[in-house]
Enquirer: 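Please read through the structure below; I'll follow up with questions.
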There are 2 protein chains.
Amino acid sequence: MARPVDPHAKIELLRAAEAVFVEHGLEKAHVEEITARAGKSKGSFYLHFSSKEEAFRQIVETTIARLAGYLEQMEPASLPEPADLSEMIESWFELEVELFEFLWQNRGVMRLLLQGGGSADFGYLIDAFAERARERTKEWLRLSVERGHYRKDLDVEVASLVISGAYDRLARALVRLDKKPDIRGWVRGAQRVLLIGCCAPAVREVVDQSVSEFVEPIPASAASVKPGGARKFRRPA
Amino acid sequence: MARPVDPHAKIELLRAAEAVFVEHGLEKAHVEEITARAGKSKGSFYLHFSSKEEAFRQIVETTIARLAGYLEQMEPASLPEPADLSEMIESWFELEVELFEFLWQNRGVMRLLLQGGGSADFGYLIDAFAERARERTKEWLRLSVERGHYRKDLDVEVASLVISGAYDRLARALVRLDKKPDIRGWVRGAQRVLLIGCCAPAVREVVDQSVSEFVEPIPASAASVKPGGARKFRRPA
DNA sequence: CGCATAACTGACCCACCGGTCAGGAATCAT
DNA sequence: ATGATTCCTGACCGGTGGGTCAGTTATGCG
């Protein structure tokens, strides 16, 4: 045994790879650019990864796996039985905020995935996640209908699509911002619109209050960025 | 003048190109495969297009342009002043159904675009469309608030994001189906969920009725496919 | 110090594919 | 039929970049 492996090598390569993949997408990312940024030789890349695709997969799958963890937390069974709807709403709110904070932290990779930058072969990861998110939504919808919070005639199939679609759009808007927006405000806003549509007429007033009542005292600094309008959509030359 | 140009050549090339692009995405689509499918030689491709990218752009931009036409029709100014909210709802419904029918007809190209299959250089087309759709939504929201149909305290920024996000998701679900679903049912379902959340409390009952009242008599054949669950998300080998 | 061992390097290899163009084929005029 | 003209073909070219491996360098051990 002589010359121990550089313990930082793989990590540095992964970091450089992430940056390059985010910048160019899988196809147009060049191994030589990755190794150059990591201060390594091209050959060393293949000491740690069997191919460019494998490195990409490693980056992308770990991110998605961590993301899926947040969905796990939202399982109905793993939340304490709430006293009432407004308490429920608060639990959801905090969990959703956590998830969006994660998205913000990992916005580079998430942007890549959401925009299909990693060739069609990796799209299934986002699709699978979206599908699971929707299933979770359905669980909650059914439960809430049973509990009498939501309208009996709610079409769970369509409502889950609408709700998960709305959060999907929020996510897509988030990951392309340069400056961190008021995430709590976004999530609260989404709740405000979506909950009312699901609720049984009798409990609408409760929700009307809940979603207003809990509006954060806004820290004067970072409340101004509104969702959307992240960039001008000019056609690249 | 001798040997007139084959008048079908370009059209056949475009059709073949569309098929190949949809199947493989821009990067992995090979000119030779396109010409082979069109029964032409590789060289003939370059008699009609200056590059692979140009052909792609031609296909994609015409589709988006036609799509944008539907958005045009939805301009508040180009719709007759409605007698009441439920009449309004009906106009929206028909226009939205038309748009989704178009998406279904062009689901190949739309799927390509929505999944970023055409390299990042063309993502701006979908982004721009989504942005315009959201702007249109905002116009309607503001108008409806003015008219007293929607809640005075509606956050137009967030609501527009949620609504356009919901339709976005519907679109993404649609374009990946193999069998045509009950589009009218989908759109009606989305309306049902979204409208209530926007409405002023006073007019909620009206909407409750509208969205039920107008439910189509379902032609026994094609009402069963529900949104989502289009495929199993297995990882490709 | 010098040898053995294993990590690391980067010049090279080669498959691939977008794009070209010289030559062949089809058509029309005479 | 013959030639003029234009269309069309597919073998070829050249840049590109993923992946390799013979050689180099660093480290530990006796």
Side-chain angles (χ1 to χ4, degrees), chain A residues 1-61 112 117-122 236-237, chain B residues 1-61 112 117-122 236-237:
Chain A
M1 181 208 322
R3 188 157 190 193
V5 289
D6 178 351
H8 303 305
K10 187 164 185 179
I11 289 171
E12 272 163 29
L13 281 171
L14 275 173
R15 275 165 45 137
E18 181 175 322
V20 174
F21 285 141
V22 164
E23 204 164 306
H24 302 295
L26 174 54
E27 296 284 344
K28 291 186 180 169
H30 303 322
V31 175
E32 300 214 49
E33 186 176 350
I34 293 171
T35 52
R37 286 205 203 184
K40 301 284 164 191
S41 71
K42 184 173 178 181
S44 76
F45 183 89
Y46 291 93
L47 296 175
H48 300 280
F49 309 102
S50 67
S51 69
K52 188 172 73 159
E53 277 72 18
E54 198 213 292
F56 186 81
R57 164 162 297 142
Q58 219 165 99
I59 289 168
V60 147
E61 284 186 345
L112 190 60
S119 104
D121 300 346
F122 293 90
Chain B
M1 181 207 327
R3 186 152 191 197
V5 288
D6 178 350
H8 302 305
K10 186 163 186 179
I11 290 170
E12 273 162 27
L13 281 171
L14 275 172
R15 276 163 47 135
E18 181 174 322
V20 174
F21 285 140
V22 165
E23 203 164 308
H24 302 294
L26 173 55
E27 294 285 345
K28 291 185 180 169
H30 302 321
V31 175
E32 300 214 48
E33 186 175 350
I34 294 172
T35 51
R37 286 205 202 182
K40 301 283 163 192
S41 73
K42 185 174 178 182
S44 76
F45 184 88
Y46 291 93
L47 297 176
H48 300 280
F49 310 101
S50 67
S51 69
K52 189 172 73 158
E53 276 72 18
E54 198 213 293
F56 186 81
R57 164 163 297 144
Q58 217 164 102
I59 290 168
V60 148
E61 283 186 345
L112 189 60
S119 104
D121 300 346
F122 292 90

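Lettering of chains follows the sequences in order, A, B, ..., and the numbering in each one begins at 1.
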Enquirer: Taking all heavy atoms of B/Glu33 and all of B/Arg37, pick out the closest pair and write down the distance.
Expert: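 Taking B/Glu33 first and B/Arg37 second, the nearest heavy atoms are OE2-NH2, 2.8 Å.
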Enquirer: Using whole Å, what does the distance between atom P of nucleotide C/dG18 and atom NZ of A/Lys28 come to?
Expert: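 My rounded result for the distance is 13 Å.
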Enquirer: Roughly how many Å is it from CD in B/Glu27 to C1' in C/dG18, rounded to a whole number?
Expert: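 It works out to 12 Å between those atoms.
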Enquirer: Of the residues in residues 40-48 of chain A, which ones touch DNA chain D at a heavy-atom distance under 4.0 Å?
Expert: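 Within residues 40-48 of chain A, the residues near DNA chain D are A/Lys42, A/Tyr46.
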Enquirer: Going by the rule ring-ring contact (aromatic ring centres under 6.0 Å, His included), which residues pair with B/Phe21 if we only count those two or more places apart in sequence or in a different chain?
Expert: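 For B/Phe21 the ring-ring contact (aromatic ring centres under 6.0 Å, His included) partners, ignoring immediate neighbours, are B/Phe56.
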Enquirer: Would you kindly give the CZ-to-P distance between A/Arg3 and D/dC29, to the nearest whole Å?
Expert: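 So the two atoms are 16 Å apart, to the nearest Å.
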Enquirer: Over all heavy atoms of both residues, which pair between A/Ala29 and A/Val20 is shortest? Give the atoms and the distance, please.
Expert: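 Between these two residues, the closest heavy atoms are CB-CG1, 3.6 Å.
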Enquirer: Without decimals, in angstroms, what is the distance between B/Glu32 CD and C/dG18 C1'?
Expert: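 These atoms are roughly 9 Å apart.
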Enquirer: Does any pair with a residue in residues 11-22 of chain A pass side chain to side chain donor-acceptor pair (under 3.5 Å), and if so which ones, sequence neighbours excluded?
Expert: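 Qualifying pairs: none.
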Enquirer: Let me know the distance between CG of B/Asp6 and P of D/dT6, rounded to the nearest Å.
Expert: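 About 18 Å, once rounded to whole Å.
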Enquirer: Whole-Å distance between D/dG18 P and A/Leu26 CG?
Expert: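 One finds 9 Å between P of D/dG18 and CG of A/Leu26, rounded.
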Enquirer: Can you check the A/Glu53 CD to D/dG18 P distance for me, whole Å?
Expert: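 So the CD-P distance, A/Glu53 to D/dG18, works out to 9 Å.
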Enquirer: Mind listing the residues from residues 10-19 of chain A sitting with a heavy atom below 4.0 Å of DNA chain D? Number order is fine.
Expert: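 Heavy-atom contacts with DNA chain D come from no residue of residues 10-19 of chain A; none.
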Enquirer: Restricting to non-hydrogen atoms, name the atom on A/Ala9 and the atom on A/His48 that form the minimum distance, rounded to 0.1 Å.
Expert: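 Nearest heavy atoms, A/Ala9 then A/His48: CB-NE2, 3.7 Å.
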Enquirer: Closest heavy-atom contact between B/Ala17 and B/Ile59?
Expert: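 Minimum heavy-atom separation between B/Ala17 and B/Ile59: CB-CD1, 3.8 Å.
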Enquirer: OP1, OP2 of C/dG18 versus side-chain N and O of B/His30: anything below 4.0 Å?
Expert: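 The answer is yes; a side-chain N or O of B/His30 sits under 4.0 Å from OP1 or OP2.
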Enquirer: What residues form a ring-ring contact (aromatic ring centres under 6.0 Å, His included) with A/Phe49, not counting sequence neighbours?
Expert: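 Counting only residues at least two positions away or on another chain, A/Phe49 forms a ring-ring contact (aromatic ring centres under 6.0 Å, His included) with A/Phe45.
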Enquirer: What's the shortest heavy-atom distance between B/Ala38 and B/Leu13, and which atoms?
Expert: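 Looking at all heavy atoms of both residues, the shortest contact is CB-CD2, 3.8 Å.
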Enquirer: Could you give all pairs that pass the salt bridge (Lys or Arg N to Asp or Glu O under 4.0 Å) test and reach residues 40-55 of chain A, with sequence neighbours left out?
Expert: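 Of all non-adjacent pairs touching residues 40-55 of chain A, those that pass salt bridge (Lys or Arg N to Asp or Glu O under 4.0 Å) are A/Asp6-A/Lys40, A/Glu32-A/Lys42.
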Enquirer: Using atom CD of B/Glu54 as one end and atom P of C/dG18 as the other, report the distance to the nearest whole Å.
Expert: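 Roughly 15 Å, once rounded to whole Å.
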Enquirer: Using a cut-off of 4.0 Å on non-hydrogen atoms, how would the nucleic acid contact of B/Ala29 be classed: base, sugar-phosphate, or nothing?
Expert: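 If one applies the 4.0 Å heavy-atom cut-off, B/Ala29 turns out to touch the sugar-phosphate alone, with no base involved.
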